[in-house]
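Below, all heavy atoms of this structure are taken into account, side chains as well, without hydrogens, waters or symmetry copies.
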Amino acid sequence: MGNDDTRSLTIADVAARAGVSRAVASRALSPQPRPVSADKRERVLKAAAELGFKPNVLAQSLTSKSVNLVAVVVNHIHDLSDLDLFDLLIDRIQAAGKQVILLRVGSVDRVGEFLRRGIAYHVDAAVVFSDFADAATMREMFRSDHVVMLNGRHDRLSPAVIPDEAAGIEQAVADAAAKGVRTAALLTGRPSSEVERIRIAAYRASFTRHDISVLREAQGDYSYESGHAAAEVLVGKNPPQALFCTSDAMAMGVLDARRADFPGNRPERFRLYGFDNLSLTGFDAYPIASIGYDKTRYVEEIVNMLTRPQAFSQPHEPVWIPTAFYPRATA
C-alpha cells in the first residue's frame, strides 16, 4: 500500500500492515500505558512509520479522557537561545503523542489577570519557563498538579529541571584567569528571573575566587539587540580584558558591534564569553566561548515528567543537569 495520501490512512491500515488486530494497533499507538507485547508494539510502530500514519490526538483524548495538550508558559520567544531549545522541546513533546500550546505570560499582572478572570486552560500538564510564575500559582491557574517548573520558582510539590550553572561558570572564569585576565565586564539578563539572579551570583563568586575585578556591569534582555546596544558602554575606549554575557545572543550582538576588536575572529582587545552554547557559535562567524548543558538530556527529563503523571503524586527534588565550558577561538 502506498502512502501518497496520508490523510486517508486509518488505524486499520496500520493494523493490516503490521499483521495485528485493530485493537492491538490502537493499544500500541496509545500515549497511555496499554497492555501489548513488545514484539507487536514494535511491528505496529514500524508499520505506522512506514505508512506515515499519525494518530488522531482528538480521538485519543476522547477515549483516554485526556486532551493530550501541554501548555508551555513563556515570557516571550525572541532570541536565538529560545529557538535552539524550543524546536527540540516541541518536537519531543509531539513525538510523545501530545500537542503544544504556547502561553505568553509577560508580567506578574498578566498572571493575576488570568486568575481574576478565572481563565483556565484544559491541559494535561504545563511546562513553565516564565519568570513571573511560581509553582503554586501555576497549579491554581491550570487547576492541576501536573506542572513542571523550569524558572527556579519550584516547590516540593512540583517537579523541576535545573541546569547546574555554577560549574560551567567556574570553568569559564578559571579559563579567563589562566589566560591572564584580571579585569572584566558583565552583561546580564532580566532581573525578574530567579535563574538569572542565581547565575549572576555565581559569576561574582567566581570573579572573587580568581581575583578578577569587575569594572562595569550592564543589563540586557538576552537578545542580540541588547548586546549590540550595550557594547560601547561595556567595552569603549578602555576595554576590560574580558566580557562575560549571560546569553550567547547578547555576546553575538557585542561581537558584531565591535568587529574591529576581533580581526580574523581572534581576540585583540578583550576576550568574549557567552552563555547557552548555541549551535550558531560553532560557526566561524561567531566563535564565542560559551557555557552550556546537554539540551537533549534537559528536554528528555522534561518529557519524562510529562509522560509519567504518577511522578506528580509525591514530593520532588529537582533534577540537576550539569553544565560545562565550551572554549572557542575568541577565548
Same hydrophobic cluster for [X] and [Y], using side-chain heavy-atom links shorter than 4.5 Å among ILVMFWY?
X      : Y      : answer
Met305 : Val195 : no
Ile200 : Ile198 : no
Tyr326 : Leu272 : no
Leu88  : Val148 : yes
Leu187 : Leu215 : no

(message) For Arg209, is the CZ atom crowded, meaning more than 12 foreign heavy atoms sit under 6.0 Å from it?
(response) yes
(message) Can you tell me if Gln94 has over 12 outside heavy atoms packed within less than 6.0 Å of its CD?
(response) yes
Between [X] (side chain only) and [Y] (backbone N and O only), is there a donor and an acceptor less than 3.5 Å apart?
X      : Y      : value
Arg92  : Glu300 : no
Asn75  : Asp131 : yes
Ser158 : Asp155 : yes
Ser226 : Ser223 : yes
Glu194 : Gly152 : no
Gln241 : Arg182 : yes
Gln171 : Phe325 : yes
Asn151 : Ser130 : yes
Asp124 : Asn68  : yes

(request) Run the salt-bridge test on Asp13 and Arg17 with the 4.0 Å N-O cut-off and return the result as yes or no. (result) no
(request) Fit a plane to each ring of Tyr298 and Tyr293, take the angle between them on a 0 to 90° scale, and name the class: parallel (under 30°), tilted (30 to 60°) or perpendicular (over 60°). (result) tilted
Should [X] and [Y] count as side-chain neighbours, where that means a heavy-atom distance under 4.5 Å?
X      : Y      : answer
Leu278 : Met252 : yes
Leu103 : Ile101 : no
Leu255 : Arg259 : yes
Glu317 : Arg156 : yes
Met149 : His316 : no
Val128 : Met141 : no
Lys40  : Arg43  : yes

(message) salt bridge (charged side-chain N to carboxylate O under 4.0 Å, His left out), that's the test. Do Arg199 and Glu165 meet it? Break it down for me.
(response) CA-CA 7 Å; Arg199 185 180 298 167; Glu165 297 181 347; 2.8 Å; yes
Which heavy-atom pair separates [X] from [Y] by the least distance, and what is that distance?
X      : Y      : answer
Thr246 : Gly189 : OG1-N, 3.2 Å
Ser206 : Ile169 : OG-CG2, 4.1 Å
Leu234 : Arg216 : O-NH1, 2.7 Å
Pro191 : Arg197 : O-NH1, 2.7 Å
His154 : Pro318 : NE2-CG, 3.5 Å
Arg258 : Ala231 : CG-CB, 3.9 Å

Look up atom [atom1] in [X] and atom [atom2] in [Y], then write down how far apart they are to the nearest 0.5 Å.
X      : Y      : atom1 : atom2 : result
Ser290 : Asp248 : OG    : CG    : 3.5 Å
Leu85  : Lys295 : CG    : NZ    : 7.0 Å
Phe244 : Phe275 : CZ    : CZ    : 12.0 Å
Ile302 : Thr307 : CD1   : OG1   : 11.5 Å
Ile11  : Leu51  : CD1   : CG    : 11.5 Å
Ile162 : Leu150 : CD1   : CG    : 9.0 Å

(message) One pair to check against side chain to side chain contact (heavy atoms under 4.5 Å, CB included): Val214 and Tyr203. What are the steps and the verdict?
(response) CA-CA 10 Å; Val214 180; Tyr203 273 108; over 6 Å; no
(request) Report the C-alpha distance between Asp276 and Tyr222 in whole Å, list the side-chain angles of each, state the deciding distance to 0.1 Å, and finish with yes or no for side chain to side chain donor-acceptor pair (under 3.5 Å). (result) CA-CA 10 Å; Asp276 290 324; Tyr222 307 116; over 6 Å; no
(message) Could you walk me through whether Arg297 and Asp294 satisfy the salt bridge (charged side-chain N to carboxylate O under 4.0 Å, His left out) test, starting with their C-alpha distance in whole Å, then the side-chain angles of each, then the deciding distance to 0.1 Å, before giving a yes or no?
(response) CA-CA 5 Å; Arg297 180 181 170 188; Asp294 185 339; over 6 Å; no
(request) Begin with the C-alpha distance, continue with both residues' side-chain angles, and end with the deciding distance and a verdict on side chain to side chain contact (heavy atoms under 4.5 Å, CB included) for Val70 and Val127. (result) CA-CA 7 Å; Val70 174; Val127 177; 3.9 Å; yes
(message) Name the residue from Leu69, Val100, Val147 that meets the side-chain contact (heavy atoms from CB on, under 4.5 Å) definition with Val123.
(response) Leu69
(request) Kindly write out the residues that satisfy ring-ring contact (aromatic ring centres under 6.0 Å, His included) with His210, not counting sequence neighbours, or none if the list is empty. (result) none
(message) I want to know whether Phe129 and Phe86 have ring centres closer than 6.0 Å.
(response) yes
